[in-house]
Amino acid sequence: MSSILTNNSAMVALQTLKGINKNLAMTQNEISTGKTVASAKDNSSIWAISKVMESDVAGFNAISDSLSVGESTVAVASAGAEQIVNVLEEMKELTVSGNSETADYAKIEADMAEKEAQILSIIGASQFNGVNLLATDTDGNGGTQLTILSSLDRVGSGAPTASTIDVATVDFEANLDIAGRTAVTDQASAATALGEMEAFLQTAINGAAQLGASAKRVEDQNTFVSKLTDAMKSGIGALVDADMEEASARLQALQTQQQLGVQSLSIANQAPQTILSLFR
């Protein structure tokens, strides 16, 4: 039965064309944004997961900055400690030479005084952004250690907790009483000074080794955080990024379907006109 009031073919063609246009709009949105899930309405669960991961990535970027500053701080202190070890070795050599009766004690003591001043200068200068791990007060506020934000730990859906790396000051300011050393004026005092230099040298070596180990730990953690951030970005991309090759192929197919849908609707709309021939 033909009807001029109800055109079933046109309604079917119209609904088909609407579906094609909707899919075409979604595909064009994917291509323009580069994302399959660009908003919560696209896929609420995936969108929520991606946003949590994006917030963690932002947090790890801040942690990377903190680790970089901490790494530089420890590196400065480590360099100062190693230089102090070198100076103490030179002072030890001077005290050894002072154990000879033919030694020029005045010149030895003059050299010892210069190197003493050099060590004190190195201790004072081995600071980064106001933090000195060779001094008693490392952070300028009476602290005895440097606390570096190192990670964000998340278990399940719970809130993340911050982890830190604590780097203790080696406190050469107090542990190396270089200003209270014995002056080298004769063979006996040179022997006493030799024992003192040996003790100072061991303290400095231990401190430099401690700072070196801390520097390595901070460096390794910074490398790990960088790799972890990259992995999280890749994970987010796998969840929400559009497959551009697939989107391109789908776009071509939908554009063809759209053209056919328009043609089909046009044919269905012209069908009632054939009824006119019945009344001629």
Side-chain angles (χ1 to χ4, degrees), residues 67 69-148 150 164-221:
L67 285 167
V69 173
E71 187 177 344
S72 298
T73 303
V74 179
V76 168
S78 182
E82 291 176 12
Q83 184 59 35
I84 288 173
V85 169
N86 293 335
V87 176
L88 285 171
E89 287 177 345
E90 294 172 359
M91 294 181 75
K92 179 181 176 180
E93 290 178 8
L94 288 171
T95 58
V96 170
S97 65
N99 279 268
S100 171
E101 293 182 354
T102 60
D104 188 337
Y105 295 107
K107 290 182 179 179
I108 290 175
E109 178 56 28
D111 284 346
M112 293 283 285
E114 288 297 323
K115 295 186 183 303
E116 174 189 329
Q118 183 181 357
I119 289 175
L120 296 175
S121 176
I122 292 171
I123 292 175
S126 296
Q127 61 85 28
F128 184 87
N129 196 31
V131 178
N132 192 331
L133 294 174
L134 302 187
T136 302
D137 181 0
T138 180
D139 58 9
N141 297 307
T144 57
Q145 67 182 19
L146 172 65
T147 300
I148 305 170
S150 61
T164 60
I165 295 175
D166 295 327
V167 181
T169 174
V170 295
D171 197 2
F172 285 173
E173 197 171 32
N175 295 331
L176 288 180
D177 186 20
I178 197 69
R181 67 176 180 82
T182 300
V184 180
T185 57
D186 52 32
Q187 190 173 3
S189 60
T192 301
L194 176 58
E196 293 173 348
M197 289 304 112
E198 185 64 35
F200 291 157
L201 185 58
Q202 191 58 51
T203 298
I205 290 173
N206 290 340
Q210 176 185 324
L211 289 172
S214 296
K216 180 60 175 174
R217 180 185 176 187
V218 175
E219 179 185 354
D220 289 347
Q221 182 67 15

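Being a predicted model, the structure only gives us computed values, none of them experimental.
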Close side-chain approach of [X] and [Y], heavy atoms under 4.5 Å:
X      : Y      : value
Ile148 : Gln221 : no
Val170 : Leu134 : yes
Leu88  : Met91  : yes
Phe128 : Val69  : yes
Leu120 : Ile178 : yes

Salt bridge (charged side-chain N to carboxylate O under 4.0 Å, His left out) against Glu93, all qualifying residues, sequence neighbours excluded: none
Could you measure the distance from the [atom1] atom of [X] to the [atom2] atom of [Y]? Nearest 0.5 Å is fine.
X      : Y      : atom1 : atom2 : result
Ile84  : Thr203 : CD1   : OG1   : 11.5 Å
Leu94  : Tyr105 : CG    : OH    : 12.5 Å
Asp166 : Leu146 : CG    : CG    : 8.5 Å
Leu133 : Gln145 : CG    : CD    : 10.0 Å
Glu71  : Asp220 : CD    : CG    : 9.0 Å

Ser121 (side chain) donor-acceptor with Ala117 (main chain) under 3.5 angstrom: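 No, because the side chain of Ser121 does not come within donor-acceptor range (under 3.5 Å) of the backbone of Ala117.
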Flag, side chain of Thr169 to backbone of Thr136, donor-acceptor distance under 3.5 Å: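 Not at all, since once roles are kept as given, no pair shorter than 3.5 Å links the two residues.
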Taking every non-hydrogen atom, the tightest pair across Ala208 and Val85: CB-CG2, 4.3 Å
Taking every non-hydrogen atom, the tightest pair across Asn132 and Ser126: OD1-O, 3.1 Å
Contacts table for residues 74-83: side-chain donor-acceptor under 3.5 angstrom, sequence neighbours left out:
none

List the atom pairs, with distances to 0.1 Å, where a side-chain N or O of residues 187-199 and a protein N or O form a donor-acceptor pair under 3.5 Å, not counting sequence neighbours.
from: Gln187; atom 1: NE2; to: Asn99; atom 2: O; distance (Å): 2.9
from: Ser189; atom 1: OG; to: Ala183; atom 2: O; distance (Å): 3.4
from: Ser189; atom 1: OG; to: Thr185; atom 2: N; distance (Å): 2.8
from: Ser189; atom 1: OG; to: Thr185; atom 2: OG1; distance (Å): 3.4
from: Ser189; atom 1: OG; to: Asp186; atom 2: N; distance (Å): 2.9
from: Ser189; atom 1: OG; to: Asp186; atom 2: O; distance (Å): 2.9
from: Ser189; atom 1: OG; to: Asp186; atom 2: OD1; distance (Å): 2.8
from: Thr192; atom 1: OG1; to: Ala188; atom 2: O; distance (Å): 3.3
from: Glu196; atom 1: OE1; to: Thr182; atom 2: N; distance (Å): 2.8
from: Glu196; atom 1: OE1; to: Thr182; atom 2: OG1; distance (Å): 3.3
from: Glu196; atom 1: OE2; to: Thr182; atom 2: OG1; distance (Å): 2.6
from: Glu198; atom 1: OE1; to: Lys92; atom 2: NZ; distance (Å): 2.5

Ion pair check, Glu89 and Lys115, cut-off under 4.0 Å: no
Residues Asp111, Lys107: salt bridge by 4.0 Å N-O rule: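 Salt bridge absent between Asp111 and Lys107.
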Side-chain donor-acceptor pair present, Gln202, Asn206, cut-off under 3.5 Å: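 The criterion, which ignores hydrogens and geometry beyond distance, is satisfied for Asn206 and Gln202.
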